[in-house]
Amino acid sequence: MWAYFKFELVQFFTNKKNIAIYVLLLFAALFYAIKIAPAYDPIEQVDVDEIEARYLTRETFINHMAGKDLRFVHPAVREALQMFNDINPLDADRLESLESGDLQKYATATSSWYYITNAYTQHSGNLYYNPRYYTYGSQYADADAYYAYLEAAKRYEEFAQAEYELSINLFEQRTAWQTVERLMKGVLPIVLIVCALLLAVDIVTKDRLHPTLLKGFPIADWKRLLIKGLVAFVGSLVLFVPLAIGFLIVGMQFGFGYLDIPVPQYIVNYKEQQQQGIFTVISLAVFLGQCIQLLLLWFMAIITLVLLFSVVLRNEVINLGIGLVIIFAEYFYFSRGVGFLWHIENYPTSYMQIGQIVSKLRNYYYDTEIMSAQLGMRLLAIYIVVMLVITLCISLNKRFKLVK
């Protein structure tokens with residue numbers, strides 16, 4: 001078996017298609033690290049000019065209203081004056097702390113600023129969040145901004161108590177580890193899972209090219225399949241190497257950050273929200289650990305899927321098509337709030353957006369309390385075992401012999 005494993009490993013890493021995938025992923029990582037990461041423009045950022053302009057405008061209004069009898073002014077003016085008197089001292093503290101370099105004081109004031117601003121905006125009916133949330137005309141812009149403001153408030157609340165060195169890059173999530181966090185909440189998991197599918201898609205069907213050579217290995221088909229699956233999994237792990245190069249480049253530009261950076265996690269239980277607030281916090285190390293576990297399970301799930309259909313249908317194009325349907329299946333039923341009506345948490349395909357699952361942002365989108373990383377891991381583990389058992393049972397049938 002060891003000789004066959006080494007043979008398959010050499011075949012895998014000398015396959016031109018597989019080499020091309022690694023090279024393309026390396027180019028993508030380099031392009032992202034050199035071009036896209038430096039151009040990252042977060043909606044919520046540390047902008048002294050914006051804070052100062054907002055502060056001066058409100059301060060002018062406050063001074064203008066000083067000494068006036070508020071009984072004879074419009075209620076909306078009184079409301080605005082009250083809001084400005086609550087928020088402007090916080091903006092003053094933010095400006096002062098940035099000027100003095102006291103970033104923990106800035107984090108404290110900014111956390112309060114987000115909490116108070118969100119409270120006024122959410123309940124006013126005529127105030128709006130940062131205009132950039134409305135750029136694409138989303139009907140959920142207010143809900144997304146509400147979530148983002150409270151998430152930022154919780155993050156800054158934790159930064160205010162941090163024992164590590166704070167920085168503007170840390171606040172704006174530009175450091176290398178925070179870049180990984182942002183990508184895990186975005187397209188990176190899907191990109192890696194698609195790459196794993198492309199690497200594995202011909203792991204069985206390629207044997208048609210040299211059947212005579214393979215007959216020299218007196219190994220049962222079910223053992224061949226297990227070894228092929230292991231080789232494909234090892235090959236999928238190598239996908240992290242090009243990403244590590246991009247990670248190092250981002251780290252050299254913006255710093256690497258720390259693994260105990262806070263990652264806000266949405267609280268889905270409404271009673272617990274009332275007791276603790278809408279967010280709790282996990283460390284970045286815990287967040288990435290759960291993301292990696294889910295991602296590795298997805299690698300195994302896709303590989304077992306390819307093994308099964310390679311034995312039954314013997315066509316890599318069909319393998320690719322079925323794999324892509326599984327990967328993008330969630331897009332066929334995804335809709336905000338649909339979790340209130342359907343048990344989408346029981347579909348393994350609902351756990352493809354790995355970072356959003358771990359941070360529970362997907363719970364917020366779906367309006368479900370049940371979805372979690374742990375449930376996703378259990379579902380994927382069951383799926384993998386079932387698919388693997390079916391594949392191995394089919395391989396015992398002479399009709400589906402790998403090398404004829």
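The structure presented is a predicted model; accordingly, all values stated were derived computationally and were not measured. FYI, side chains are in, hydrogens and waters are out, and symmetry mates aren't considered; it's all heavy atoms of this structure.
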Fill in: Shortest non-hydrogen contact between I344 and S350, atoms and distance
O-OG, 2.8 Å
Discussion item. For Y134 and Y129, I'd like to know if the aromatic rings sit close, meaning centre-to-centre distance below 6.0 Å.
Written reply: no
Worksheet item: Just by distance, do the side chain of Y22 and the backbone of G235 share a donor-acceptor pair under 3.5 Å?
Response: yes
Worksheet item: Is there a donor-acceptor pair under 3.5 Å between the side chain of K154 and the backbone N or O of P262?
Response: no
Practice prompt. Without swapping roles, check the side chain of N118 against the backbone of Y114 for a donor-acceptor pair under 3.5 Å.
Written response: no
Worksheet item: Side-chain contact, heavy-atom cut-off 4.5 Å: F159 with L103?
Response: no
Item to complete: Check whether any side-chain N or O of T108 sits under 3.5 Å from a backbone N or O of Q104 as a donor-acceptor pair, and report yes or no.
Response: yes
Worksheet item: How about Q353 and I190: do any of their side-chain heavy atoms sit closer than 4.5 Å?
Response: yes
Discussion item. Looking at E44 and Y149, would you say the former's side chain and the latter's main chain have a donor-acceptor pair under 3.5 Å?
Written reply: no
Worksheet item: Is any side-chain heavy atom of F328 closer than 4.5 Å to a side-chain heavy atom of T349?
Response: no
Practice prompt. Taking the side chain as every heavy atom from C-beta outward, state whether W222 and L396 have any atom pair closer than 4.5 Å.
Written response: yes
Discussion item. We want to know whether Y266 and Q356 form a side-chain donor-acceptor pair, criterion being a heavy-atom distance below 3.5 angstrom.
Written reply: no
Discussion item. When you measure from the centre of the six-membered ring of Y4, is the NZ or CZ of R224 closer than 6.0 Å and no more than 45° off the axis?
Written reply: yes
Worksheet item: Does any N or O in the side chain of N88 come within less than 3.5 Å of the main-chain N or O of Y55, such that one atom is a donor and the other an acceptor?
Response: yes
Worksheet entry | Expected output: side-chain N319 to main-chain V201 donor-acceptor under 3.5 Å | yes
Worksheet entry | salt_bridge(D47, R54) N-O dist < 4.0 Å | no
Worksheet item: In terms of the angle between their ring planes, are Y333 and Y347 parallel, tilted or perpendicular, with boundaries placed at 30° and 60°?
Response: perpendicular
Worksheet item: So do the side chains of T117 and L90 get within less than 4.5 Å of each other, counting heavy atoms only?
Response: no
Item to complete: Heavy atoms only: give me the nearest V358-Q265 pair and the separation to one decimal.
Response: O-NE2, 2.7 Å
Discussion item. What I'd like to find out is whether the side chain of Y115 reaches to under 4.5 Å of the side chain of L150, using heavy atoms alone.
Written reply: yes
Worksheet item: Between the main-chain N or O of L192 and the side-chain N or O of W298, is there a donor-acceptor pair closer than 3.5 Å?
Response: no
Worksheet item: Going by the angle between their ring planes, with limits at 30° and 60°, are Y364 and Y147 parallel, tilted or perpendicular?
Response: tilted
Worksheet item: Are side-chain N/O atoms of Y106 and R94 paired as donor and acceptor at under 3.5 Å?
Response: yes
Practice prompt. Check step by step if side chain to side chain contact (heavy atoms under 4.5 Å, CB included) holds for L307 and V204.
Written response: CA-CA 7 Å; L307 293 178; V204 175; 3.7 Å; yes
Discussion item. With heavy-atom distances below 4.5 Å as the criterion, would you say the side chains of E330 and R362 are in contact?
Written reply: yes
Item to complete: Decide yes or no on side chain to side chain contact (heavy atoms under 4.5 Å, CB included) for L288 and L259, but give the supporting numbers first.
Response: CA-CA 9 Å; L288 292 178; L259 284 174; 4.3 Å; yes
Practice prompt. Could you please spell out the steps behind the side chain to side chain contact (heavy atoms under 4.5 Å, CB included) verdict for L361 and K185?
Written response: CA-CA 9 Å; L361 174 57; K185 292 178 179 177; 5.7 Å; no
Worksheet item: So, does S111 use its side chain to make a donor-acceptor pair with the main chain of A107 at under 3.5 Å?
Response: no
Discussion item. Treating D102 as the side-chain partner and S97 as the backbone partner, does any N or O pair qualify as donor plus acceptor under 3.5 Å?
Written reply: no
Discussion item. Determine whether L284 and Y258 satisfy the following criterion, side chain to side chain contact (heavy atoms under 4.5 Å, CB included), listing intermediate values before the conclusion.
Written reply: CA-CA 8 Å; L284 184 56; Y258 311 93; over 6 Å; no
Worksheet item: Between F299 and F233, is any pair of side-chain heavy atoms under 4.5 Å apart?
Response: yes
